[in-house]
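Everything on this sheet refers to the single structure shown next.
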Protein chains: 4
Amino acid sequence: MSRIPQPRKAPRQARSRHAVAAILEAAARILARDGYAAFNTNRVAEEAGVGIGSLYQYFPNKQALVAALHRRHGEETLAALDRVLADSASQPPRDQLAAMVDAVLALHRRELGLHRVLEREWPAFDEPPASNPRDAALRERMADWLAESGLDRAKAGTLLRMADSLVHGLLLDGEPDAAALEDTITDALAGFLGLPARAHT
Amino acid sequence: MSRIPQPRKAPRQARSRHAVAAILEAAARILARDGYAAFNTNRVAEEAGVGIGSLYQYFPNKQALVAALHRRHGEETLAALDRVLADSASQPPRDQLAAMVDAVLALHRRELGLHRVLEREWPAFDEPPASNPRDAALRERMADWLAESGLDRAKAGTLLRMADSLVHGLLLDGEPDAAALEDTITDALAGFLGLPARAHT
Amino acid sequence: MSRIPQPRKAPRQARSRHAVAAILEAAARILARDGYAAFNTNRVAEEAGVGIGSLYQYFPNKQALVAALHRRHGEETLAALDRVLADSASQPPRDQLAAMVDAVLALHRRELGLHRVLEREWPAFDEPPASNPRDAALRERMADWLAESGLDRAKAGTLLRMADSLVHGLLLDGEPDAAALEDTITDALAGFLGLPARAHT
Amino acid sequence: MSRIPQPRKAPRQARSRHAVAAILEAAARILARDGYAAFNTNRVAEEAGVGIGSLYQYFPNKQALVAALHRRHGEETLAALDRVLADSASQPPRDQLAAMVDAVLALHRRELGLHRVLEREWPAFDEPPASNPRDAALRERMADWLAESGLDRAKAGTLLRMADSLVHGLLLDGEPDAAALEDTITDALAGFLGLPARAHT
DNA sequence: TATGAATGAGGGTTCATTCAT
DNA sequence: TATGAATGAACCCTCATTCAT
């Protein structure tokens with residue numbers, strides 16, 4: 001119960017890669033549609049159109065499935081932020097921040113149900129969720145951006161966790177009228193960073 | 001799986017009230033100490049020194065136990081905020097906000113493990129967590145305070161969820177050096193509310 | 001995988017004692033009739049007319065079932081030997097030995113199939129089978145008898161293992177014509193102990 | 001579950017013979033090192049450096065693997081006894097017997113772990129273990145020796161089973177101080193055969 | 001009212017075996 | 001001929017809940 005499990009073997013053949021993808025898709029679908037309570041390995045295998053044995057050939061246990069989903073989400077987030085930073089290089093920090101919030105929110109809106117479960121019902125692992133290479137890369141990216149913007153590098157970690165918490169807390173559980181969410185979150189993050197308030201709203 | 005279950009009967013006799021309290025204590029203890037995975041009704045009854053049958057006399061099912069803990073937490077939060085508002089009636093909004101953040105953080109620091117589980121591993125119920133009388137009262141209190149402080153009443157709901165998200169996201173998963181957490185969260189909330197930044201830190 | 005499991009709880013009520021007995025009976029029956037391959041906990045529970053959950057209330061796992069059967073066998077053996085020694089106190093060692101062999105063989109003939117499995121298919125536990133209080137008592141009894149008979153106390157352990165091996169090896173796998181088995185085994189044991197050969201055969 | 005399976009095909013080419021040998025080696029190694037619980041066909045194939053499909057080309061099923069190991073052991077025993085009888089042709093029966101016991105014990109001491117499993121955890125087959133050509137040859141050899149030594153031919157079968165039981169029962173489960181095991185077993189066998197006790201010990 | 005023995009659906013995981021490549 | 005991905009029956013065990021006492 002101590003290590004976050006890794007995929008058992010890297011799928012090398014085409015058939016395998018397809019199976020792994022199908023399993024992950026099915027897992028995400030079930031998690032999003034029915035919640036963690038309905039998420040069991042037999043169901044995932046069935047929904048993936050794969051034998052239960054095949055599932056266990058690529059994932060050593062149930063947790064590894066969820067871990068893989070998490071990993072995928074982290075990678076998507078990293079890619080999105082990189083894109084945003086590249087596209088908004090010349091803008092003032094306040095606007096860059098807003099653009100990043102926009103991007104992350106868009107990412108989460110795409111798979112609301114899944115992220116709700118991923119965030120809220122992740123069965124407790126021992127390891128703090130933030131101690132993986134993806135999150136480290138994310139932190140590094142943010143720290144660089146903060147420095148370039150004349151802000152405090154050291155706030156990167158807290159900024160990320162703050163953003164994550166707000167996205168999940170406000171988007172996932174929020175009322176459906178959460179239209180101005182981008183502004184809401186951006187204002188809060190800006191407040192934390194000490195950026196000036198928007199001119200007027 | 002559709003309604004949040006209520007306690008089956010109000011304990012009217014002294015013995016009953018004692019049993020209910022013991023059960024709730026045991027539940028909180030197990031959740032805090034061992035996590036949701038170890039939280040099962042037989043264990044709770046045993047730890048409470050009560051027969052499993054008795055547990056089901058006061059709680060219709062497992063979820064009702066967790067719901068009761070949530071309720072208790074909501075009530076403590078409400079009481080704490082009331083106290084803070086009464087004590088800081090004459091201060092500027094920024095300071096009142098900081099005092100409230102302090103109080104809520106103190107509340108959570110007291111039972112870190114429990115709140116982590118309560119927040120993160122609460123099995124999905126259908127009902128949005130915010131639709132109960134306690135949360136409504138909390139929202140009302142905040143709305144009143146916002147109005148008195150010359151701010152936007154309508155932001156009460158978002159403010160509360162934001163505060164909750166940040167407390168959990170930063171305190172519960174945070175690094176141990178979370179000393180300046182009060183300032184961090186207060187700054188973010190102030191940013192959201194449009195309050196001026198602190199003079200300097 | 002290191003300790004031989006003990007019964008989970010001592011059955012205190014009449015109903016429980018009955019359940020435990022039924023489970024043990026069923027386990028013995030299945031082992032004897034169908035072998036270890038067919039011995040699974042669900043089948044045992046079914047054959048015992050008991051829910052699988054009840055089985056696990058009294059036995060922490062599958063091995064504990066087999067261990068309990070072993071224990072029972074050891075106790076029966078001990079009782080039988082005590083009886084024989086009491087009944088043949090005045091006879092010469094050679095005859096006492098023969099009487100003991102007779103008794104043990106009779107014990108095994110009663111439940112041939114079960115003992116075959118118990119002896120041969122016991123899934124490897126880490127603990128050497130002989131390190132339990134029952135076997136210690138058995139060894140003690142034999143050592144005393146050897147001393148009283150003017151023989152070497154130290155041979156008790158080997159004598160017992162030798163007897164056990166021969167009973168199982170010759171009776172359980174033996175040809176059906178194993179009529180003179182008593183003499184065969186007694187002669188071998190007597191040979192080991194240095195007792196004079198029978199007058200004539 | 002009714003017939004002891006034979007190797008599916010005799011390996012005629014060099015490559016095949018090598019594969020079969022590697023598989024058998026791996027099987028013996030796993031059995032000796034990790035016990036029957038860890039003995040599964042996929043693991044054997046992997047340890048042998050062979051595809052699981054190849055394993056099933058030479059062995060129709062798992063049992064065939066164990067059967068082959070048994071066969072190998074029988075052949076080694078037969079060869080060893082032949083050698084001993086040839087070398088001790090002129091000695092008295094008692095000494096020849098002791099020499100045979102020595103040889104068999106030496107054989108077993110070489111692969112203690114393996115034989116322990118082979119003897120104790122062999123999953124029940126229907127066929128009595130003694131009804132194969134190797135055992136028949138062994139019995140024949142013993143019967144001839146008994147006759148030459150002026151003893152009862154008919155005791156060959158029992159003698160063999162007795163020897164086998166004692167070797168396994170005393171050596172495999174025995175205490176480490178089993179130094180005098182040769183004498184112990186020889187005395188017992190001599191007792192059974194009616195040979196005179198050793199002069200003095 | 002309190003108890004706790006009994007239940008059994010359900011779920012994670014293994015592994016002998018097959019068969020397409 | 002050799003491979004190893006795929007399979008799924010089977011099995012051990014948990015735990016929420018009931019109900020006879």
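Using a 30° and 60° split on the angle between ring planes, H115(B) and H73(B) fall in the tilted class, from 30° to 60°.
Here the P atom of nucleotide dA2(F) and the CD atom of E46(D) are 19 Å apart, to the nearest Å. Residue L55(A) contributes atom CG, which lies 16 Å from atom P of dA9(F) at whole-angstrom precision. Taking atom CZ of F59(C) as the reference point, atom C1' of dA5(E) lies 15 Å away to the nearest angstrom. Between the OH atom of Y58(A) and the P atom of dT13(E) there is a distance of 18 Å, given to the nearest Å.
For dG12(E), the base has a donor-acceptor partner in the side chain of N42(A) [N/O atoms by modelled type, under 3.5 angstrom].
When the side-chain nitrogen and oxygen atoms of T41(A) are compared with OP1 and OP2 of dG11(E), none of them lie within a distance under 4.0 Å. Residue Q57(B) places at least one side-chain N or O under 4.0 Å from the OP1 or OP2 atom of dA2(E). For the pair S54(A) and dT7(F), the criterion of a side-chain N or O lying under 4.0 Å from OP1 or OP2 is met.
Closest to the side chain of N40(C), out of dG12(E), dC12(F), dA6(F), is dC12(F). Relative to the side chain of Y56(A), the nucleotides dT13(E), dT17(F), dC12(F) differ in distance, and dT13(E) lies closest. Which of dA16(F), dT18(E), dC13(F) sits closest to the side chain of I52(D) comes down to dT18(E). For N61(C), whose side chain is taken as the heavy atoms from C-beta onward, the closest listed nucleotide among dA6(E), dC13(F), dC15(F) is dC13(F).
Checking A38(A) against K62(D), the closest nucleotide of DNA chain E that is more toward the 5' end is the one next to A38(A). A residue-by-residue look at G51(B) and R43(A) shows that G51(B) has its nearest nucleotide of DNA chain E further toward the 5' end.
In terms of heavy-atom proximity, T41(B) sits nearest to I52(B) at O-CD1, 3.5 Å.
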Could you give me the CA-CA distance, side-chain angles and deciding distance for L114(B) and R29(B), then say whether side-chain contact (heavy atoms from CB on, under 4.5 Å) is met? CA-CA 7 Å; L114(B) 172 61; R29(B) 206 157 45 238; over 6 Å; no
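The shortest distance between side-chain heavy atoms of I30(C) and N40(C) does not fall below 4.5 Å.
Between R72(B) and E25(B) there is a salt bridge, since at least one side-chain N of the basic residue sits less than 4.0 Å from a carboxylate O of the acidic one.
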